[in-house]
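Report on one structure; see the data block that follows.
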Number of protein chains: 4
Amino acid sequence: MNASAIQDVSDYLPLAEARLPLPIWRYLQDGDDGDNERALVAVRLLPRPLSNVRGGHTRLTLWNQSFDHPVMLAPVAYQRLFHADGEVASAMAAAAQGGQYLISSLASQPVATIVQAGGNPDGRGPWFQLYWQNDRPRTQRLLRSAVDAGCSAIVFTVDAPVKMATLALPDGVDAVNLEPPVPRPIAPGGSEVFDGFMAHAPDWDDLAWLRQQTKLPLLIKGILHPDDAERTLDAGCDGIVVSNHGGRVMRGTPTSLDALSHIVRRLDGRAPVLFDSGIRRGRDVFVALACGAKAVLIGRPYLWGLAAKGAMGVAHVIRLIRDELEMTMALTGCRQLSDIDRSRLAGTE
Amino acid sequence: MNASAIQDVSDYLPLAEARLPLPIWRYLQDGDDGDNERALVAVRLLPRPLSNVRGGHTRLTLWNQSFDHPVMLAPVAYQRLFHADGEVASAMAAAAQGGQYLISSLASQPVATIVQAGGNPDGRGPWFQLYWQNDRPRTQRLLRSAVDAGCSAIVFTVDAPVKMATLALPDGVDAVNLEPPVPRPIAPGGSEVFDGFMAHAPDWDDLAWLRQQTKLPLLIKGILHPDDAERTLDAGCDGIVVSNHGGRVMRGTPTSLDALSHIVRRLDGRAPVLFDSGIRRGRDVFVALACGAKAVLIGRPYLWGLAAKGAMGVAHVIRLIRDELEMTMALTGCRQLSDIDRSRLAGTE
Amino acid sequence: MNASAIQDVSDYLPLAEARLPLPIWRYLQDGDDGDNERALVAVRLLPRPLSNVRGGHTRLTLWNQSFDHPVMLAPVAYQRLFHADGEVASAMAAAAQGGQYLISSLASQPVATIVQAGGNPDGRGPWFQLYWQNDRPRTQRLLRSAVDAGCSAIVFTVDAPVKMATLALPDGVDAVNLEPPVPRPIAPGGSEVFDGFMAHAPDWDDLAWLRQQTKLPLLIKGILHPDDAERTLDAGCDGIVVSNHGGRVMRGTPTSLDALSHIVRRLDGRAPVLFDSGIRRGRDVFVALACGAKAVLIGRPYLWGLAAKGAMGVAHVIRLIRDELEMTMALTGCRQLSDIDRSRLAGTE
Amino acid sequence: MNASAIQDVSDYLPLAEARLPLPIWRYLQDGDDGDNERALVAVRLLPRPLSNVRGGHTRLTLWNQSFDHPVMLAPVAYQRLFHADGEVASAMAAAAQGGQYLISSLASQPVATIVQAGGNPDGRGPWFQLYWQNDRPRTQRLLRSAVDAGCSAIVFTVDAPVKMATLALPDGVDAVNLEPPVPRPIAPGGSEVFDGFMAHAPDWDDLAWLRQQTKLPLLIKGILHPDDAERTLDAGCDGIVVSNHGGRVMRGTPTSLDALSHIVRRLDGRAPVLFDSGIRRGRDVFVALACGAKAVLIGRPYLWGLAAKGAMGVAHVIRLIRDELEMTMALTGCRQLSDIDRSRLAGTE
């Protein structure tokens, strides 16, 4: 299949599968994202022909940062697993396409290098995804290094302390931005869960502390309950990324789309909500926006592009999804993102 | 399989598949019509034995045109792809069976030739399906040629400006009734969608203009939203063809049957509504009529007949569906089309 | 598989399939009964352990006729297709098991012979299923012959005038009780449906006439609409057999179970309602009775038994279903059929 | 697959299948438990990150007996079918893991031997599952022997008198704790069901009598109807085990989870309710507890472990499920079992 034959993001899937060693492919595809995808597909849209959409566009502004379109690249660990150019390739592609890249705490290349590759023309750097680092001082040092490197927002992920690496990392692929792990002895009779993992997970007090450490926009990723979303804003955070981590954290959570709707309804415009999990094409972006998201994160699709063709593949994936979003907007009579609301969904007519 | 072994329209499917080159077969079957079919099949009918239906019939009148039955042939492009006799064969079959043929803007034979083949005994010509031709003068010229050739109604399709030919047309198959395409340059930085395709799509003002150009009945095809249906009538149009284009325009629209019910309820008898998409047998016609349609368009089924046996195949397909419609009417105690209403559907008893 | 290995009626299915020529097997299995079966299976029952059911039984009385159990054999045409002993074998088995046999108008053996084989110890004969015979005199002659032969009730089937034999009958298998068919010429331009088949179908006037022709209990089979059920009783009939003809008459009717519930609710005890279509095991009988039926007809299952082992097989099938019915009654704490009501179904607790 | 590769209880399934003769494997897997499993999986949980769960645990107390966790081993017959060490192995594993073992009336090893193996450090013995033994004197003798051996509670199973052994037991595997069966002649014309099996099944009077025979906690297993649950407590019983016997007793009952919810709502805290059927992993335990159960019984999963690796396998299965329960608690912000309630389920936010 040559590039011109690619009409849809899913065409990159077999290309990526052919390139990647089996264990890495499985690691990438692991987790049940099917429910998230099906929830998006199940939403029906109503075409509105005869609308005049000349001059339409997909631009948006969030926290005084402007973007050509709302398709961002989710923070994914160890991208050198998928291509030798790793995070640098992905960040370059995002910048070239006028979107936004999110650097993972578990990036396999130095944050500063990635920032340099992925800065926007106006000088705004990528966003940084922060995992809690066992305690406050370690966490603070990681945060500082990201801020100093030029990241322009912090996305604090709170949902995945338990089950992490299911893959033995190959030589030369590592979380280069992190300090060595701290040993965590468990007292005899203690629980590996309650007294092990969870004893070093962040809590609401830690979040309040974190809020004090930076003036950058602070988003929280991994919140699914509306009560938690509200409490997050009360703690001074600037936004929420609704995600069920592509099904990797806990079996049988609600779909991200379901959680999005609940949270948007509860927050009632107090802060922007972003959407992650299950986006495969432009119409999915449209659906998420119609349900109240301001922007979306894509994950696996851009890694298929990265594995298949490096930066070019990532850029192409973003372009395809953006084109499909524009087409969906045009067919439904939406001239700008703010025209996309629930009235565009079937069942409301 | 010989003709006498054909008991059902679906028996033509394998015959057509065997006759057509693979790319043409795929082009014909492309698009997801499954939802439309399933929606029709899911509706349950209540038999009413012991009814007296002697003297029953399927005749109807629309805009002072009378028809033996409500099964019309949808406007499908390039029918010489499917059989050397092309549109002429289909139009002859429709006329011979007392139905109605709709000529596509993208017909592969001259409109005048088709009209001659497909005129009814009473001299009424086929209907003409009109696509917007980039601008008003070009559109007007196409409309004029159809009217002059003797077409007896105009069906203006408003839902498919974006994605068109996915097939490289073989030599000798062409849209012979159209002028050469106009180049559409896009300004640097412009969007292919918003500033390209959609810049030359018709809008509501164009519809108002079009209404002034002809006294023939003017129907609009491609409307799914009740608001749009109402606005169409306000603009002076005479009827609506509810269709989601067999799934070819946009993924994940509501089914045509769902849209039909919403639109019929809203219009409340102001104008006739026709139904297109997913009809495979006579009981489907009955269901559409029970949900408020006055007539139906069939698409793929008659092209299977055309591909398999030319005009004879098309005529047979129409006959089969009409016979099944009569049988369904007889079993449900309906003596004429106006007896077919929602009370015939299970769930209303 | 030997007889002792048979634990379930469905075990007879492969035995029957192995015995029958393919066209006959297909004819037997033709029609979509799956919806009927699934509707029965979907109903959940609540076990009621610790109930005392000693002395329980399955006896019932209908129109002053008493039966050991409520499992009757549906009137099925041409049973010599399935076994050389034909209807005689089935009728003997029903009598031996204390149940009831229904002779089809299309039986392949003389009514008198079947009656002789299938009379109960108390001398009560089988019931006779009557199809309308083109006109009143012919119908009257068939009815008379059945009454004279000793049939003890008439089941008038009103739902299948259209589509009949889809099988070329082998030599020696014939509807021996019927007069030769009458030619039915259709005037030029007439409809095969409205002016052909249906012109010789019975209507409500014919039913009123039929009611005058016999003092035997008169049941109507093929009614699915509650309005029709009520009108049937108003016409002096004694009961209803709810059936969608195993899916053979019309595609996409409601399930028999659904129709049963509607009709039972409407009739509110005015007359007994029997249930046909989809019964495969004793729990299905229980479900039908809980939904208001007084007795059930089984069809395909006993023909599997007939095809596999003649009268022995039919008797075994009846026994298996009756045993399962008793077991279901015992587990749900029902001591007699009148204890079986909607409160036994889950969702009512 | 070596032990370290086992990450999930279901990994034991193929190991067990490989070890067991086919008829025994079928006997173990027989019955439709799929509905029970699907009902558990369908319940969605809401993660609550940022909760502080340090010091969390899974301890509970029931009838003054304390347990490290709520995962008990269901009473399963003839465990020497699955491993030479039989019930002794299972009981040892339960004790070692701080859980609870339930001895079946149909155990293949002497109750006293099993009690000795499975006593907890604090000297509390396993619980004893009691089947009615035809009449009161025989039942009383079996009860006495269990009490004398040191069992610490009685679980009276009331739902399975009808269909029992579908397997020919191999030599040396037998119900060693039972007296020889009593012949049960049926009077001529009597029903095998009503006058056979059921004539020797217990009724409510027998339950009242049984309550008088012991001061140990008395639980009833096999109740699905809320009326019966209430009547059980009125009869002086101490608790309910909701179970549909893994689908082995009656086809098409409600799922255990559905019955649990109805019963918990009705009892409103009057007595502890335990849950059996379909538990496959820790999140299922969490779901059952959130729906009101105080503890759960696992069946097939521990027998897979027993078949694959004897006592070690059973212990590992318990450990895996307990670890998953702790993880689910941690991710949902539950520090102890009493924190697990309906507010943890999606749809309540």
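In what follows, every chain begins at residue 1, and chains take the letters A, B, ... in the order their sequences are listed.
Scanning all heavy atoms of the two residues, the minimum distance from Pro254(A) to Ala346(D) falls at CG-CB, 3.4 Å. Smallest separation of non-hydrogen atoms from Arg54(D) and Met198(A): NE-O, 4.2 Å.
Salt bridge Asp8(D)/Arg251(A): present, at least one basic N to carboxylate O contact under 4.0 Å.
For Leu224(A), the parts lying near chain D are the backbone and the side chain together; criterion is any non-hydrogen pair under 4.5 Å. For Val43(D), the part lying under 4.5 angstrom from a heavy atom of chain A is the backbone only. In this structure, chain A has a heavy atom under 4.5 Å from the side chain of Arg281(D), while its backbone stays farther away.
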I'd like a table of donor-acceptor pairs (distance under 3.5 Å, sequence neighbours excluded) in which one partner is a side-chain atom from residues 189-197 of chain A, with atom names and distances.
residue	atom	partner	partner atom	Å
Ser191(A)	OG	Val193(A)	N	3.1
Ser191(A)	OG	Phe194(A)	N	2.9
Ser191(A)	OG	Glu326(D)	OE1	2.5
Asp195(A)	OD2	Ser191(A)	N	2.7

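Near-neighbour residues of residues 260-269 of chain A relative to chain D, defined by a heavy atom under 4.5 Å from a heavy atom of that chain, comprise His262(A).
Applying the salt bridge (Lys or Arg N to Asp or Glu O under 4.0 Å) test to every pair with at least one member in residues 41-52 of chain D, sequence neighbours left out, gives these pairs: Asp35(A)-Arg44(D), Asp228(A)-Arg48(D).
The number of heavy atoms from other shown groups lying within 6.0 Å of CD (Gln116(D)) does not exceed 12. Residue Arg59(D) places its CZ atom among 12 or fewer non-hydrogen atoms of other residues, nucleotides or ligands, all under 6.0 Å distant.
In this view, Asp238(A) and Arg211(A) satisfy the side-chain hydrogen bond (donor to acceptor under 3.5 Å, both in side chains) rule, not counting sequence neighbours.
Listed options Asn52(D), Thr58(D), Leu50(D) were ranked by heavy-atom pairs under 4.5 angstrom with chain A; first place goes to Leu50(D).
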